Amino acid sequence: AGDIGVTRWRRDILQKYGWYFFVSSGKDVFPLAPIHGDAAGYQVDFSADGVKFIHHENGLETTMLVSVSPEETMEIRKIELVNHNSEAMRVVLTSYNEITLAPLKDDMAHPAFSDLFVLTEFEAENNLLIAERKSRGEEEERRYAYSKLVADTTVRVSAETDRMQF
């Protein structure tokens, strides 16, 4: 909202900042959307609902629709995985980002210092990852962000919030 960034992001495509989703199935690992300009094998469709990334890899079709709510300050990502192979497939979906909940200029000035004020908590029973930015003084409000997984089937969800363990 306003000048507050939710995740560490830079306009420069050579920087590896943003919110990424990866799929792994056996030996293959690939992103759900093109990263750093490599769009080979991806179809990208723009519409009034948002942007849709479609990719096929070894019989697995992935679709990610990214849209922004017109009523709320929120982004929704709908991800569909379809196995076109004749055999069952074990698939792991991984989401990666660095939460800042801070003005871009503050985060750019000293990212490591900025990280000290972000706390994360995973609520396994709700498939919910909550991030909170502690205020640095009485004049600054606490800020929150969350990521929730909603699935049509039973899935096992885990979270790792320590980037050194990722």
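What you see is a predicted model, and the numbers here were worked out from it, not measured in a lab.
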> Among all residues two or more places apart in sequence or in another chain, which pass the salt bridge (charged side-chain N to carboxylate O under 4.0 Å, His left out) test with Lys78?
Replying inline: Glu80
> Which ILVMFWY residues are connected to Val157, directly or by a chain of links, through side-chain heavy atoms under 4.5 Å apart?
Replying inline: Phe122, Leu129, Leu149, Val155
>> Please give me the minimum heavy-atom distance between Arg133 and Val118, naming the atom from each residue.
In response: NH1-CG2, 3.5 Å
>> Once side-chain hydrogen bond (donor to acceptor under 3.5 Å, both in side chains) is applied, do any residues pair with Asp45, and if so which ones, sequence neighbours excluded?
In response: Gln43
> Excluding sequence neighbours, so at least two apart, what forms side chain to side chain contact (heavy atoms under 4.5 Å, CB included) with Arg90?
Replying inline: Val92, Arg156
>> Holding to side chain to side chain contact (heavy atoms under 4.5 Å, CB included), I want the full list of residues that pass it with Ile79, two or more places apart in sequence or in another chain.
In response: Phe21, Leu32, Met64, Leu81, Leu93
> Which salt bridge (charged side-chain N to carboxylate O under 4.0 Å, His left out) pairs, counting each pair once, include a residue from residues 142-154, with sequence neighbours left out?
Replying inline: Glu132-Arg142
> Looking at Ser25 and Val91, what are the two nearest heavy atoms and their distance?
Replying inline: CB-CG2, 4.4 Å
> Which other residues belong to the hydrophobic cluster containing Phe113, where Ile, Leu, Val, Met, Phe, Trp and Tyr are joined when side-chain heavy atoms lie under 4.5 Å apart, directly or via other members?
Replying inline: Leu116, Phe117
>> Going by side chain to side chain contact (heavy atoms under 4.5 Å, CB included), name the residues that satisfy it together with Asn97, two or more places apart in sequence or in a different chain.
In response: Thr7, Trp19, Ser95, Ile99
>> Show every side-chain hydrogen bond (donor to acceptor under 3.5 Å, both in side chains) that has at least one partner inside residues 118-131, sequence neighbours left out.
In response: Thr120-Thr161, Glu123-Asn126
> How would you list, by chain and number, every residue that makes a side chain to side chain contact (heavy atoms under 4.5 Å, CB included) with Ser47, sequence neighbours excluded?
Replying inline: Asp49
Tabulate below the donor-acceptor pairs under 3.5 Å that side-chain atoms of residues 53-61 make, not counting sequence neighbours, or state none.
unit_1, atom_1, unit_2, atom_2, d
His55, ND1, Gly41, O, 2.8
His55, NE2, Glu57, OE1, 2.7
Asn58, ND2, Asp28, OD1, 3.4
Asn58, ND2, Asp28, OD2, 2.3
Glu61, OE1, His84, NE2, 2.7

